[in-house]
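See below for the structure under consideration.
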There are 2 protein chains.
Amino acid sequence: MSHDEVKPAIKSNRLGEYLNSVRRGLDLSLRDVEEATKKEVSNAYLSQLENGKIEKPSPHILHSLSIALNVKYEDLMERAGYLKPSSERASDSKHGRAATFAIENLTVEEEEALLKHLAYIRWQTSK
Amino acid sequence: MSHDEVKPAIKSNRLGEYLNSVRRGLDLSLRDVEEATKKEVSNAYLSQLENGKIEKPSPHILHSLSIALNVKYEDLMERAGYLKPSSERASDSKHGRAATFAIENLTVEEEEALLKHLAYIRWQTSK
DNA sequence: CGGCGTTGCTAAATTGATCAAGCGCGCACC
DNA sequence: GGTGCGCGCTTGATCAATTTAGCAACGCCG
């Protein structure tokens, strides 16, 4: 059998529990936090958030909360599933996927050519 | 000098221009990118994104695009205004090539021009 | 007991992201 | 001149995020 985790109807919500525990730790009411975010997050929404009723809260919201609750923004982002636990940016450019390569992925000759062209562009625009 | 910047009605959208220039640089159509994301992002939506019609694209979308276009997820997040540019840029010294530095330090217009030129170079050498 | 403020919650309404479908254009080929 | 095709773009509908309004339970003090 594969690892079909039984997806609970309600989320595996680390985020909600976390928010709730922080808020209680600071001994604030839902409305207190709403105030603390200068109304950027409503108490009603925070309630839903803590109870895992929300799938993808917008980063904007998380940012407000991080300030109001004095926790790290990246921490919330991570718990919301938007960031990997501060992992490395794999220099995966290795596997030479034909279809896609960006400007960071150049052969020596290409790089030389581009640098020349860049010099040309800059010279031209500076005239 | 501390005039408040007049916020243009339309976005200060670096993200859109950036996505557009990268896509063109790779010489892909909107629909090509839609394919590349395995339909996770529609061509219609990508169009709106590039033209700055979207305020808060979901990180999920940005993630798909970052993979399809082979750019860094955090980069897109930052351009979308979700991350502070604070994230230290340290990692990019990976290539250990001096030239890469110069090339990774570009204005949007320069980048676009270079990507075009790169496409041209690659097309030419592949004949 | 009877009001009164507070708290957590939720139903309904609004707003915005996202997509499927389609439009008009330019370009090749007949 | 068609006509077919791929392109970027717009539009209309849909669905989830977020808010507004309100309810029910609690403590508290007269």
To the nearest Å, how far apart are B:I61 CD1 and D:dA17 P?
-> 13 Å
Rounded distance (Å) that lies between atom C1' of C:dC19 and atom NZ of B:K39 | 11 Å
Round to a whole Å and report the spacing from NZ of B:K56 to C1' of D:dA16.
-> 12 Å
Euclidean distance, B:Q48 CD relative to B:N43 CG, rounded to 0.5 Å | 10.0 Å
Quickly work out the A:L15 CG to D:dA17 P distance and round it to whole Å.
-> 13 Å
Spell out protein contact along nucleotides 4-12 of chain C as letters: B when the base is contacted, S when just the sugar-phosphate is, - when no protein heavy atom is under 4.0 Å; keep the 5' to 3' order.
-> ---BBBB--
Spacing of NE2 belonging to B:H63 relative to CE belonging to B:M77, to within rounding of 0.5 Å = 10.0 Å
Atom CD1 of B:I54 and atom C1' of C:dG16 are separated, to the nearest Å, by 8 Å
Quick one: B:E34 CD to D:dG6 P, roughly how many Å, whole number?
-> 14 Å
Between B:K38 (NZ) and C:dC19 (P), how many Å, whole number?
-> 15 Å
4.5 Å side-chain heavy-atom contact, B:L15 and B:L62 | yes
OG/B:S64 to CD/B:E34 distance, rounded to the nearest 0.5 angstrom?
-> 12.0 Å
Whether A:N20 side chain and A:E17 backbone form a donor-acceptor pair below 3.5 Å | no
Inter-residue atom distance A:D32.CG - A:T37.OG1, 0.5 Å rounding | 11.0 Å
For B:L46 and C:dC19, give me the distance from atom CG to atom C1', rounded to whole Å.
-> 13 Å
